[in-house]
Protein chains: 2
Amino acid sequence: MAREMVRQGGRSARIQAEVHRTVNELLKEMDRGAITVPMVAERAGVTPSTIYRRWGDLSDLLADVAVARLRPVADPEDTGAMRSDLEAFVLQYVEEMSSRVGRQMLSDVLGTWEGDAAGQCCQFTYQHLETMRERALQRGEQAFDVSEAIDFIMAPVVYHILFGDREVTPDYCRSVVRRFFRT
Amino acid sequence: MAREMVRQGGRSARIQAEVHRTVNELLKEMDRGAITVPMVAERAGVTPSTIYRRWGDLSDLLADVAVARLRPVADPEDTGAMRSDLEAFVLQYVEEMSSRVGRQMLSDVLGTWEGDAAGQCCQFTYQHLETMRERALQRGEQAFDVSEAIDFIMAPVVYHILFGDREVTPDYCRSVVRRFFRT
DNA sequence: TCCCTTAACGCAATTTCTTAGCGTTAGGCG
DNA sequence: CGCCTAACGCTAAGAAATTGCGTTAAGGGA
């Protein structure tokens, strides 16, 4: 579910916003597994059936909220050089994703294939990397390949966040970027 | 849930096996989202309350089944050389994980933190890589670092399976291994 | 501007799933 | 062989999910 709204103004948009806000609020207060649709509905001031009809079920709703939250609001910071741009980006990404809530958002996104949530989030990353690549080109730097940056930088970081097999520290992030430039 | 059984013989073990078998069967027949606890219970010939008590809820059960299925039954094939060992391993891993069911198992494992399912699966990979490393040492090859193999080989492959942003073809797998040895 | 169409919502009844109490069965140990 | 109790089955109560139907209010056209 969470399809694009046919009607995007007024009541429908208000409810969507309110439900999203409520989910984010609950996500901070309690464990993801403790959240239920009726609970969200009551706090948001709507009836459960509204949520079920619009989003399908709880997983789809959570995935939809996650995608909305992961959707970038601005271009990645311009630090003046390609390498520091990449470093800043991955550090911020990890900062957001390795928290409890961030980790849960990731698995919510990966656990559903409604509206291709995973693909969408992936696109956000691609777009950011592409922006950084073009910036590098304009500076006259020897630019990098976006899909290689995914493989060398993003993939390891995401892997360790998801599987929890090692701390994803800032130092580790920097070492990953360093390794990328030694290819 | 899915804790280690206190009693590991007889009825308890029979039920666990039957429930696992049933889940795997259903996973082949229908979409993961269509499966319910009562459905599993009926087919397995047990009451729903047994499943709820033992596994907690559907996600925990699915994660438990996934971990059991991912648990290796044998050491990775010995192909005679380190590089071909790694290639064979990643090819088989991808073969299993990039199917619809495999993809679902992965997200089930990542979507729960009961019994550290994700960590367990990760351990299986580590163990296999470690086996291959030791084999390489015995052959007198210059062995690789296991955690680097994770970052260079497994992470990209898993990333693309999960996010679905590109086909993980055998050619791609081989190119990932090739890249690893050019470090 | 006002009306018409219909997407989206609220309400309520129904169905299905989940939880919990309690008695029963059957491992595992002395 | 018999005791202890983990684990199961049954059942009832509670919560969540689904569905039909009437109502509200976007959005488009006269």
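Protein chains get the first letters and strands the later ones, always in sequence-line order, with residue 1 at the start of each.
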ask   = CG of B:Asp57 versus P of C:dA20: gap in Å, rounded?
value = 13 Å

query = Taking atom types as modelled and ignoring hydrogens, do the side chains of B:Asp171 and B:Thr169 form a donor-acceptor contact shorter than 3.5 angstrom?
reply = no

request  = Calculate the interatomic distance between A:Ile51 atom CD1 and D:dT18 atom P; express it in whole Å.
outcome  = 13 Å

message = Can you list everything that forms a side chain to side chain donor-acceptor pair (under 3.5 Å) with B:Tyr172? Sequence neighbours excluded, please.
response = A:Asp151, B:His160

ask   = Looking only at side-chain N and O atoms, does A:Thr47 come under 4.0 Å of OP1 or OP2 in C:dC11?
value = no

request  = Report yes if a side-chain nitrogen or oxygen of B:Arg54 is closer than 4.0 Å to either non-bridging phosphate oxygen (OP1 or OP2) of D:dC8; otherwise report no.
outcome  = yes

query = Which residues satisfy the side chain to side chain contact (heavy atoms under 4.5 Å, CB included) test with A:Gln104, sequence neighbours excluded?
reply = A:Leu27, A:Asp31, A:Arg32, A:Arg100, B:Trp113

request  = Check every atom of C:dG27, C:dG10, C:dG21 against the side chain of A:Arg53 and return the nucleotide holding the closest atom.
outcome  = C:dG10

remark   = Side-chain contact check for B:Thr50: nearest option of D:dG9, C:dG10, C:dG27 is D:dG9

key: Upstream residue (5' side of DNA chain D) when B:Gly45 and A:Pro38 are each assigned their closest nucleotide   = B:Gly45

key: Cationic N near anionic O, under 4.0 Å, A:Asp85 to A:Arg133   = no

message = Does a side-chain N or O of B:Ser12 approach OP1 or OP2 of D:dA7 to a distance below 4.0 Å, or not?
response = no

ask   = Rounded to the Å, how far apart are A:Arg14 CZ and C:dG10 P?
value = 11 Å

query = Touch check for A:Ser49, heavy atoms < 4.0 angstrom, all strands: base, sugar-phosphate only, or nothing?
reply = base

task = For D:dA16, take OP1 and OP2 only and decide whether either is under 4.0 Å from a side-chain N or O of A:Thr36.
result = yes

